[in-house]
2 protein chains.
Amino acid sequence: MNHTDATPDLDENDLDIIRELERNDEKNLEELADELDLSKSAIHYRLNQLKESGVIRNISADVDPRALGMSMVIITEVYVSHESGYADEIGDDLADLPGVQQVFYTMGDVDFMVVSRVQNHDQMNELIDEIVALEGVNETSSRFVMRELKNGNRILETMSEGMVDRVLETE
Amino acid sequence: MNHTDATPDLDENDLDIIRELERNDEKNLEELADELDLSKSAIHYRLNQLKESGVIRNISADVDPRALGMSMVIITEVYVSHESGYADEIGDDLADLPGVQQVFYTMGDVDFMVVSRVQNHDQMNELIDEIVALEGVNETSSRFVMRELKNGNRILETMSEGMVDRVLETE
DNA sequence: AATGAAATCGACCAGCA
DNA sequence: TGCTGGTCGATTTCATT
């Protein structure tokens, strides 16, 4: 019904591969094949398709932010003056500020939610100043994060059985 | 060797490697060596250290959430009844709910910020219900994300020159 | 989707600055 | 301690069925 998203038909095997590689891509084809009860070539074939179709966008290293001193996290609500049609531009400007990790454009009274990471108090203040200084930004409100209980970029792992079923049904 | 802020001394070459692999880990050692003007063995040597020291935590696949139908994003503020010492437990409970991607424990009037991803309206309502139903949760307030302008897990790429200098100085 | 052969790659080591 | 350069075994890749 809901075909706004062009979901390339994925079956259980595809999802198994995705689940495995979202967790760790350092296994070789043979290990994967053993665990998932598929042949090496089958894995190879499916993996190629998953990459080419854009389901797997990238293979990359996950770096510990603390190793780079980026241990402070702040979440900032950004309010924009509504008559200005600058929303998109402001979003891009926010995304380009140093330390900014995520920018969401939201419905409701707030306009943007920004998650950022800095090394110390001074950088935190500087970043907030830079946000306020952006043309069209009205007001901001920041929260300091004391603890990150979860910060995952694994999608499939967080999905319920029902959610997974919905993916398989569109086959 | 534990999770303090003990920054293993990193030099420019290490940061080059990290920057490259945060972007894409699918290059082979020789390509990397060419681009970074280091020998294959030097890359190999440093890469091992980066992994062993925990600077590089993982190599994994980045999956397009839309390919799994997880196209709706919500950001939820969760308020907890303060007399309960349940804070940690609630944080873990939140992290375990289906669709929940990030959980932050924050200072200030809000207690938790939760970023989650679902497939449709029904799942959105269900998730919010599940959050409210958690023991100790007082109140929630959710925002619907209309657009993700940036959603990166690349740390080094977002760092300013000044931030990078600070890492190099601790050598 | 499986096989097996050919090409390529990463792991490793002894020696060196 | 970090690097060189080369070898060897392992792994990916691909044509064929």
Side-chain angles (χ1 to χ4, degrees), chain A residues 7-64 66-69 156 164 167-168 170-171, chain B residues 1-2 4-63 67 156 164-171:
Chain A
T7 309
D9 293 344
L10 303 172
D11 65 13
E12 295 91 338
N13 286 330
D14 292 316
L15 295 185
D16 283 344
I17 294 174
I18 291 171
R19 199 176 345 250
E20 201 61 44
L21 297 187
E22 258 194 328
R23 188 168 6 229
N24 177 16
D25 187 81
E26 293 180 287
K27 292 176 184 167
N28 62 39
L29 290 184
E30 199 166 337
E31 286 177 283
L32 266 183
D34 284 351
E35 285 175 32
L36 306 183
D37 267 314
L38 283 170
S39 75
K40 257 186 343 184
S41 325
I43 303 266
H44 185 250
Y45 176 77
R46 283 163 180 273
L47 195 46
N48 269 343
Q49 295 220 332
L50 288 171
K51 284 178 184 171
E52 268 167 34
S53 66
V55 175
I56 291 182
R57 292 192 286 208
N58 198 13
I59 306 290
S60 64
D62 169 35
V63 175
D64 185 351
R66 288 167 304 180
L68 300 171
L156 192 45
V164 172
V167 174
L168 296 174
T170 49
E171 258 181 284
Chain B
M1 290 232 197
N2 251 328
T4 59
D5 262 350
T7 308
D9 295 343
L10 303 171
D11 64 14
E12 295 91 337
N13 286 330
D14 292 316
L15 295 185
D16 284 343
I17 294 174
I18 291 172
R19 197 176 346 250
E20 201 61 43
L21 298 188
E22 257 195 332
R23 184 163 13 225
N24 176 17
D25 189 81
E26 292 179 288
K27 292 174 183 168
N28 62 36
L29 289 185
E30 202 165 333
E31 286 178 283
L32 264 183
D34 283 352
E35 284 176 32
L36 305 183
D37 267 316
L38 284 169
S39 76
K40 233 171 39 164
S41 319
I43 301 268
H44 185 254
Y45 177 76
R46 282 163 180 271
L47 195 46
N48 266 344
Q49 295 220 336
L50 289 171
K51 285 178 183 169
E52 269 168 34
S53 67
V55 175
I56 291 180
R57 292 191 282 207
N58 198 14
I59 306 289
S60 64
D62 169 34
V63 174
L156 193 43
V164 173
D165 285 346
R166 207 170 275 272
V167 175
L168 296 174
E169 270 163 25
T170 47
E171 262 179 278

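Just so we're on the same page: letters track the sequence lines, and every chain starts at 1.
Between B:L21 and A:V63, every side-chain heavy-atom pair lies at or beyond the 4.5 Å cut-off. The shortest distance between side-chain heavy atoms of A:E31 and A:N28 falls below 4.5 Å.
Taking a 4.0 Å limit (strictly below) on heavy-atom distances, residues 16-28 of chain A does not reach DNA chain C anywhere. For the segment residues 34-56 of chain A, residues with any heavy atom less than 4.0 angstrom from an atom of DNA chain D are, sorted by number, A:K40, A:H44.
Of all heavy-atom pairs between A:A61 and B:I56, the closest is CB-CG2, 4.1 Å.
For DNA chain C, the outermost nucleotides in 5' to 3' order that have an atom under 4.0 Å from a heavy atom of chain A are C:dA1 to C:dT3.
With sequence neighbours excluded, the residues satisfying side-chain contact (heavy atoms from CB on, under 4.5 Å) with B:N13 are B:D11, B:D16, B:L38, B:R46. The side-chain hydrogen bond (donor to acceptor under 3.5 Å, both in side chains) test applied to B:E26 returns A:K51, not counting sequence neighbours. Scored by the side-chain contact (heavy atoms from CB on, under 4.5 Å) test, A:S60 finds A:N58 as partners (sequence neighbours excluded). For A:E30, there are no side-chain hydrogen bond (donor to acceptor under 3.5 Å, both in side chains) partners two or more places apart in sequence or in a different chain. Remark: A:S41 engages A:S39 in a side-chain contact (heavy atoms from CB on, under 4.5 Å) (not counting sequence neighbours). A:Q49 is linked by a side-chain hydrogen bond (donor to acceptor under 3.5 Å, both in side chains) to A:Y45, counting only residues two or more places apart in sequence or in another chain. Residues passing the side-chain contact (heavy atoms from CB on, under 4.5 Å) test with B:A33, sequence neighbours excluded: B:I43.
Side-chain atoms of A:E22 come within 3.5 Å of backbone atoms of A:L156 as a donor-acceptor pair (strictly under, hydrogens ignored).
Atom CG of B:D14 is separated from atom P of D:dT1 by 15 Å (rounded to the nearest Å).
Sorted by first and then second residue, the pairs that involve residues 32-45 of chain A and meet salt bridge (Lys or Arg N to Asp or Glu O under 4.0 Å), not counting sequence neighbours, are A:K27-A:E35.
In the helix from C:dA1-D:dT17 to C:dA17-D:dT1, the terminal helix axes, each the rotation mapping four pairs' C1' atoms onto the next four within five end pairs, subtend 40°, rounded to 10°.
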